[in-house]
Amino acid sequence: MEEKNTEKRLDFIREKITNELASNKNGGKLLFRFPPEPNGYLHIGHAKSICLNFGLSQEFEGAGTNLRFDDTNPAKEDQEYVDSIKRDIEWLGFNWEGEPKFTSDYFDQLYDWAVKLIKEGKAYVDDQAADVIASQKGTPTTPGTNSPFRERSVEENLELFEGMKEGKFEEGSRVLRAKIDMANPNMHLRDPFLYRIIKKAHHRTGDKWCIYPMYDWAHGQSDYIEGITNSLCTTEFEVHRPLYDWFLDQLADADKTRPEQTEFSRLNLNYTVMSKRKLLQLVEEGVVNGWDDPRMPTISGLRRRGYTPASIRNFAKTVGITKRDNIIDVSLLEYAIREDLNKTAPRVMAVLDPIKLVIDNYEEGKTEWLEAENNPEDENSGSRQVPFSKELYIEREDFKESANRKFFRLTIGKEVRLKNAYIIKGESCVKDEDGNITEIHCTYDPLSRSGSGTEESKRKVKGTLHWVSAEHAVDAKVNLYDRLFSDEAPDSRKDPETKEVIDFKTFLNPESLQVIEGCKVEPSLKDNKAGDNFQFQRMGYFILDQDSTPENMIFNKTVGLRDSWAKKN
RNA sequence: UGUCCGAUGGUGUAAUUGGCAACACGUCUGAUUUUGGUUCAGAAGAGUCCAGGUUCGAGACCUGGUCGGACAACCA
């Protein structure tokens with residue numbers, strides 16, 4: 001699918017970059033970076049950032065975007081996440097500059113710089129316990145107090161820091177801190193941590209290190225090492241920027257590229273949660289079936305749900321880039337996928353809740369192969385043959401014995417069109433002892449075949465039903481999905497009494513997954529492969545699941561068609 | 001009683017940098033339709049958080065408020 005026409009409207013970041021280019025900042029060089037921590041799967045919020053950072057390098061001539069794994073915390077990170085992140089970025093249609101980068105590649109340089117800061121009296125080893133240090137930090141409205149270890153000699157600091165590196169001290173017993181200003185109104189400048197001791201094997205550096213750099217120390221310096229020009233991140237890092245700049249002030253070479261951090265607001269979607277911690281919780285507690293559960297807002301979940309890369313890119317585009325808080329309505333996401341799939345997904349017939357329909361005046365044992373258009377929105381999509389016979393399945397909800405004039409479907413005595421086939425008239429129905437309808441009987445008009453050109457075929461009937469030949473139908477399992485949470489803002493509701501935030505899992509939608517077996521689909525579907533998107537005519541968009549086999553077909557519902565009838569009823 | 005950031009229809013985003021508040025989603029009509037889909041035509045819905053000020057003219061600039069968000073992890 002084509003990307004929507006790029007309008008000339010520039011968001012504030014693109015405008016800023018355009019201006020920088022005009023003033024020849026950094027000699028016209030542009031290098032961006034996408035810096036995920038490999039501690040979870042990427043979600044739709046990351047997709048926004050990916051589309052920004054990698055999109056920028058596609059839009060500006062000669063620009064590039066690095067992929068850098070911010071792997072400074074071996075306690076949480078894992079190779080599995082590295083792999084999934086690479087896969088998701090590529091699936092979205094983006095390429096990074098050269099090989100993927102890792103913050104852990106810079107551990108030696110970072111260590112050397114830390115030593116330099118110590119030698120200049122700008123960093124010190126603090127021996128206090130975490131809670132003591134925390135209490136000395138002060139609060140946002142009250143200044144902190146200096147650590148008693150703040151004025152240690154350079155020699156002692158050097159020796160202790162080396163000891164930390166050598167593994168001579170216990171985890172949590174010492175940290176290296178920058179010596180800035182414990183009374184600074186910006187809390188991030190109150191002697192922030194540079195290093196802590198973590199005696200865990202790192203997924204890349206193994207046992208080489210037992211001290212690991214903190215985010216603030218590692219991030220900006222990694223940008224600097226790579227020669228990043230524009231370091232784009234979300235607004236919660238805005239208050240970190242003075243610290244980002246402080247480090248560069250101490251270390252950066254005047255004739256090297258100095259990166260600049262710019263913040264934009266993160267994406268929020270209603271009816272879901274977007275924090276990696278909470279998503280991990282859903283996975284670990286088995287609330288969902290893994291990171292790629294189609295109900296998850298993860299990129300892998302959306303992929304398995306049937307979303308396409310183009311739809312997500314277009315979604316990111318309509319959502320835009322600003323600094324203000326936002327909560328995107330899921331209808332925007334759903335629109336993006338419908339718009340794409342409407343143009344690209346082949347139409348097929350599938351009956352989700354089948355009931356037998358017998359055509360009394362149709363010849364026993366006869367099969368006709370009727371032509372069916374693959375996609376009326378795509379002239380080049382061609383057509384296929386679908387089998388028609390005396391006994392069919394139709395959707396149970398498409399029949400009522402009698403109904404008012406607004407019911408455009410099958411009733412006794414009224415005519416409807418069977419899509420791509422004949423006009424039929426409801427005659428009678430069979431019920432079991434409980435009064436449930438078990439079989440419907442009808443008659444057909446042999447002269448009304450679709451596309452035959454006869455007067456009878458041109459007759460206007462109000463309703464058209466999808467169907468599938470009972471003899472030729474293939475069984476399938478279908479997963480129907482609804483929103484994972486029944487509340488718009490599951491992670492920010494507060495108890496009116498206690499003012500405590502209510503656990504987000506309270507709002508889980510118990511009906512978010514409905515599995516239906518015994519669906520009947522047209523035989524042509526057997527030839528398709530996992531990941532293929534379809535429109536089940538009149539029902540919605542579906543994707544062949546990765547676990548599907550020709551013998552046990554499984555479809556996932558991506559999204560329903562717009563349904564102006566259901567809305568009124 | 002801090003620092004930083006933000007505020008435009010229900011939602012998201014614009015407004016050529018001071019000149020009739022526009023676009024998309026959503027909602028509602030109607031037309032078309034062998035998908036109650038698509039498409040097409042149209043409608044309703046904000047006077048731009050508030051109060052002052054500058055100006056012929058302010059969503060935009062200035063001042064002061066109000067409201068919302070971020071920040072006190074040996075997380076990122």
Side-chain angles (χ1 to χ4, degrees), chain A residues 4 7-9 11 35-37 39 70 72-73 75-77 126 129-130 133-135 137-144 171-177 184-190 193-198 211-212 214-216 218-219 233-242 263 265 267 270 276-277 317-336 338-339 342-343 347 349 373 376-377 406-409 416-421 423 450-451 457-458 460-466 535-541 560-569:
Chain A
K4 278 198 172 161
E7 308 205 0
K8 283 287 173 278
R9 283 174 190 157
D11 54 66
E37 184 190 11
N39 68 341
D70 212 349
T72 57
N73 187 355
K76 293 183 177 175
E77 295 151 6
D126 196 330
I133 294 179
S135 68
K137 273 243 152 131
T139 70
T141 52
T142 57
E171 252 186 54
S173 63
R174 284 184 167 81
V175 290
L176 183 73
R177 303 177 71 181
N184 198 290
N186 181 333
M187 303 236 7
H188 295 279
L189 263 12
R190 320 240 265 227
F193 295 6
L194 268 52
Y195 279 96
R196 77 291 213 189
I197 301 167
I198 301 178
I211 55 171
Y212 290 90
M214 300 290 291
Y215 165 84
D216 285 306
H219 193 85
C233 62
T234 45
T235 50
E236 64 266 33
F237 294 102
E238 205 154 12
V239 282
H240 294 240
R241 180 152 32 98
E263 310 83 13
S265 58
L267 172 79
N270 59 11
K276 275 203 229 173
R277 207 200 93 241
K317 200 165 289 180
T318 66
V319 150
I321 300 290
T322 65
K323 293 190 71 162
R324 64 182 94 109
D325 295 336
N326 61 83
I327 303 171
I328 312 289
D329 197 296
V330 282
S331 68
L332 252 42
L333 226 205
E334 292 182 347
Y335 173 78
R338 285 196 187 105
E339 186 194 35
N342 176 50
K343 292 181 193 130
R347 272 58 169 171
M349 293 197 284
E373 210 176 4
E377 303 297 316
K406 285 167 68 183
F407 186 78
F408 297 168
R409 308 177 184 186
V416 292
R417 158 77 63 185
L418 291 178
K419 180 78 185 171
N420 302 127
I423 293 172
S450 291
S457 72
K458 291 176 187 163
K460 295 289 177 200
V461 289
K462 202 65 176 159
T464 301
L465 307 188
H466 62 279
Q535 186 198 94
F536 286 1
Q537 225 141 179
R538 301 209 304 136
M539 303 306 287
Y541 296 101
L561 261 22
R562 268 186 57 202
D563 191 345
S564 52
W565 188 70
K567 241 182 295 191
K568 292 179 196 166
N569 291 276

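At least one donor-acceptor pair under 3.5 Å links the side chain of A:K276 to the backbone N or O of A:E37. Proximity of a side-chain donor or acceptor of A:D325 to a complementary backbone N or O of A:S265 within less than 3.5 Å is not detected. Under the 3.5 Å distance criterion, the side-chain polar atoms of A:R196 are left unmatched by any main-chain donor or acceptor of A:G172. Side-chain atoms of A:R417 come within 3.5 Å of backbone atoms of A:S457 as a donor-acceptor pair (strictly under, hydrogens ignored). In this structure, the side chain of A:R562 does not engage the main chain of A:Y335 through any donor-acceptor pair within 3.5 Å. A:T235 places no side-chain N or O within donor-acceptor distance of the main-chain N or O of A:E263, the cut-off being under 3.5 Å.
Here B:rA24 presents its P atom at 19 Å from CD of A:E334, a figure rounded to the nearest Å. Spacing between atom CD of A:E373 and atom P of B:rU38 amounts to 16 Å, rounded to whole angstrom units. Summarising the geometry, the separation between CG on A:L189 and P on B:rG2 is reported as 18 Å, rounded to the nearest angstrom. Taking atom CG on A:N420 and atom P on B:rU33, their separation rounds to 17 Å, with Å as the unit. The interatomic distance linking A:E339 (CD) with B:rU38 (C1') rounds to 12 Å, in whole Å. We find that CG of A:D563 is positioned 9 Å from P of B:rG36, with the value rounded to whole Å. Atoms CZ (A:F408) and C1' (B:rU33) sit 12 Å apart, rounded to a whole Å. At whole-Å resolution of the value, NZ in A:K317 and P in B:rU13 are 16 Å apart.
A distance of about 41 Å separates the P atoms of B:rU63 and B:rG26, rounded to the whole Å. Comparing the P positions of B:rG18 and B:rC62 gives an interatomic distance of 11 Å, to the nearest angstrom. Spacing of C1' atoms, B:rA70 relative to B:rA76, comes out at 15 Å, to the nearest Å. Comparing the P positions of B:rC23 and B:rU16 gives an interatomic distance of 15 Å, to the nearest angstrom. Comparing the P positions of B:rG12 and B:rG19 gives an interatomic distance of 26 Å, to the nearest angstrom. Distance noted for atom P between B:rC40 and B:rU32: 16 Å (whole Å). As rounded to the nearest Å, B:rU17 and B:rA44 have P atoms that lie 30 Å from one another. A distance of about 15 Å separates the C1' atoms of B:rU8 and B:rG68, rounded to the whole Å.
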Is there any protein nitrogen or oxygen under 3.5 Å from a nitrogen or oxygen in nucleotides 26-30 of chain B, and what are the pairs?
from, atom 1, to, atom 2, distance (Å)
B:rU27, OP1, A:K567, NZ, 2.7

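Across all strands, A:G451 comes closer than 4.0 Å to base atoms (heavy-atom distances). Among the atoms of the strands shown, base atoms are found under 4.0 Å from some heavy atom of A:R347. A:I321 comes within 4.0 angstrom of the backbone, heavy atoms only, and of no base. Residue contacts for A:K419: at a heavy-atom cut-off of 4.0 Å it reaches a base atom on one of the strands shown. Here A:F536 lies out of heavy-atom contact (under 4.0 Å) with every strand. At a threshold of 4.0 angstrom between heavy atoms, the contacts of A:K462 with the nucleic acid are absent.
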Dot-bracket encoding of pairs in RNA chain B, which uses [ ] for pseudoknotted crossings and | for another strand, Watson-Crick or G-U under 3.5 angstrom: .((((((..((((.....[..)))).(((((.......))))).....(((((..]....))))))))))).....
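Evaluation of the side chain to side chain donor-acceptor pair (under 3.5 Å) rule for A:N270 yields no partner, not counting sequence neighbours. With sequence neighbours left out, the side chain to side chain donor-acceptor pair (under 3.5 Å) criterion links A:H240 to A:D216. With sequence neighbours excluded, the residues forming a side chain to side chain donor-acceptor pair (under 3.5 Å) with A:S331 are A:D329, listed by chain and number.
Put simply, A:R324 has no side-chain N or O that comes within less than 4.0 Å of OP1 or OP2 on B:rU48. Residue A:R241 has no polar side-chain atom (N or O) positioned under 4.0 Å from OP1 or OP2 of B:rC4. Residue A:S564 places none of its side-chain N or O atoms closer than 4.0 Å to OP1 or OP2 of B:rG36.
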Side chain to side chain contact (heavy atoms under 4.5 Å, CB included), that's the test. Do A:T141 and A:T139 meet it? Break it down for me. CA-CA 5 Å; A:T141 52; A:T139 70; 3.3 Å; yes
Would you please test A:D70 and A:E77 for side chain to side chain contact (heavy atoms under 4.5 Å, CB included) and show each step? CA-CA 9 Å; A:D70 212 349; A:E77 295 151 6; over 6 Å; no
Is there a side chain to side chain contact (heavy atoms under 4.5 Å, CB included) between A:R177 and A:M214? Walk through the geometry before answering. CA-CA 10 Å; A:R177 303 177 71 181; A:M214 300 290 291; over 6 Å; no
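Comparing A:T142 and A:Q535 against RNA chain B, the residue whose closest nucleotide sits nearer the 5' end is A:T142. RNA chain B is contacted by both A:T464 and A:S265; A:S265 maps to the nucleotide lying nearer its 5′ end (nearest heavy atom per residue).
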Each nucleotide of nucleotides 69-76 of chain B classed B (base within 4.0 Å of a protein heavy atom), S (only sugar-phosphate) or -, in 5' to 3' order, makes SBSB-BSB
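In textbook terms, a nucleotide whose glycosidic angle is within 90° of 0 is syn, while B:rU35, being further out, is anti. Nucleotide B:rG10 is shown with an anti base, its glycosidic torsion being more than 90° from 0.
When the options A:T464, A:V461, A:V416, A:L418 are evaluated for a side-chain contact (heavy atoms from CB on, under 4.5 Å) with A:I423, the one that passes is A:V461.
In this structure, the separation between CG on A:D11 and OG1 on A:T322 is 9.0 Å, given to the nearest 0.5 Å.
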